[in-house]
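Read through the structure below, which is laid out as structure tokens, and then see the notes.
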Amino acid sequence: LIESSLEKDKILANFLLSKLKENENSIRIGITGVPGVGKSTLIESLGMFLINKGKKVAVLAVDPSSKQSGGSILGDKTRMEKLSVNKNAYVRPSPNQGHLGGVAKKTSQSIRCLEEFGYDVIFVETMGVGQAETAVYDMVDIFLVLLLPSGRDELQGIKKGIIELADLIIVNKADGLLLKQAELTKNEYKNASQMISKSRIDLEPRVFTCSSLNNVGLKEIWDFILKFIDQSKKKHIFEENRITQNLKNLWTEVDLILAEYLETVSYTHL
């Protein structure tokens with residue numbers, strides 16, 4: 001209903017959203033990274049780890065839409081085999097429909113619906129296109145950037161604008177032949193941390209390694225997330241952040257409505 005483009009559904013969706021209450025007990029986690037970095041695998045491993053702790057987990061996975069056909073594969077459930085069939089989890093792939101910023105048009109509204117339905121942790125997985133994926137930052141409480149083990153120097157990594165927004169940097173695939181390289185990449189980013197902007201709660205961004213396949217490093221990542229959220233609430237940044245996000249989402253909705261109206265008018269005159 002929220003994602004529908006039918007006019008009658010939009011009216012119902014707006015009525016539904018007006019009835020939802022704010023939920024400050026949930027944790028919204030944004031995850032981005034280049035294609036192939038292992039976002040879906042990490043979400044499944046971390047999601048199952050949290051479900052075993054008694055949490056309800058939701059995933060909003062965004063897929064790019066084809067420029068030619070307008071279609072999307074929406075195959076994220078196939079990469080989250082355990083999570084997608086678990087009764088305490090919900091996985092929703094959505095097309096971005098040409099929307100910029102790595103998220104879908106109605107991602108923020110979907111987050112609110114999932115919170116109303118009692119999900120404790122909500123992952124927003126971006127479509128993995130690189131530096132432009134900053135819109136998700138304005139929808140979540142903590143923003144994770146996944147990296148691949150690589151031989152590049154730390155300055156090359158710092159150039160990527162997305163790193164500047166990171167609350168937590170994770171070098172994934174730290175296993176097998178890539179374990180040593182992952183540690184080197186982690187150290188490079190740690191050494192260059194003074195060149196990275198501080199996180200939204202004025203903490204130096206942490207750098208962790210993990211292996212999603214072997215479930216290594218998940219506890220450390222979750223402990224940091226809990227510490228981050230706790231400090232955010234103590235400093236009253238959490239509430240301020242949610243209020244700012246609501247305002248930004250409101251203006252984003254206004255922009256979308258105007259764009260759809262202008263597009264309709266243009267087609268009518270043509």
Q: Please list, chain by chain and in numerical order, all residues satisfying side-chain contact (heavy atoms from CB on, under 4.5 Å) with Leu250, sequence neighbours excluded.
A: none
Q) Who passes salt bridge (charged side-chain N to carboxylate O under 4.0 Å, His left out) against Lys234, sequence neighbours left out? A) Asp230
Q) Taking only residues two or more places apart in sequence, or in another chain, which ones meet Glu239 in a side-chain contact (heavy atoms from CB on, under 4.5 Å)? A) Glu24, His236
**Q.** Asn241 (side chain) donor-acceptor with Ile237 (main chain) under 3.5 angstrom
**A.** no
Q) Which residues satisfy the salt bridge (charged side-chain N to carboxylate O under 4.0 Å, His left out) test with Asp223, sequence neighbours excluded? A) Lys219
Q) If you group Ile, Leu, Val, Met, Phe, Trp and Tyr whenever their side-chain heavy atoms sit less than 4.5 Å apart, what else falls in with Leu1? A) Ile2, Leu12, Leu16, Leu17, Leu20
**Q.** With Val254 via side-chain contact (heavy atoms from CB on, under 4.5 Å) - residues at least two apart
**A.** Trp251, Leu258
**Q.** Residue pairs involving residues 172-187 (criterion salt bridge (Lys or Arg N to Asp or Glu O under 4.0 Å); sequence neighbours excluded)
**A.** none
**Q.** Residues clustering with Ile243 (ILVMFWY side chains joined when closer than 4.5 Å, directly or via others)
**A.** none
Q: Only pairs at least two apart or in different chains count here, so list each salt bridge (Lys or Arg N to Asp or Glu O under 4.0 Å) that has a residue in residues 240-259.
A: Lys106-Glu253, Glu115-Arg242, Asp138-Lys248, Asp141-Arg242
Q.
If we ignore hydrogens and angles and just use 3.5 Å, is the side chain of Ser45 paired with the main-chain N or O of Leu42 as donor and acceptor?
A. no
Q: Could you note down all residue pairs passing salt bridge (Lys or Arg N to Asp or Glu O under 4.0 Å) where residues 9-21 supplies at least one of them, sequence neighbours left out?
A: Lys10-Glu260
Q.
Holding to side-chain contact (heavy atoms from CB on, under 4.5 Å), I want the full list of residues that pass it with Asp167, two or more places apart in sequence or in another chain.
A. Tyr137, Ile142, Phe143, Ser199, Arg200, Phe228
Q. Side chain of Ser232, backbone of Phe238: donor and acceptor closer than 3.5 Å?
A. yes
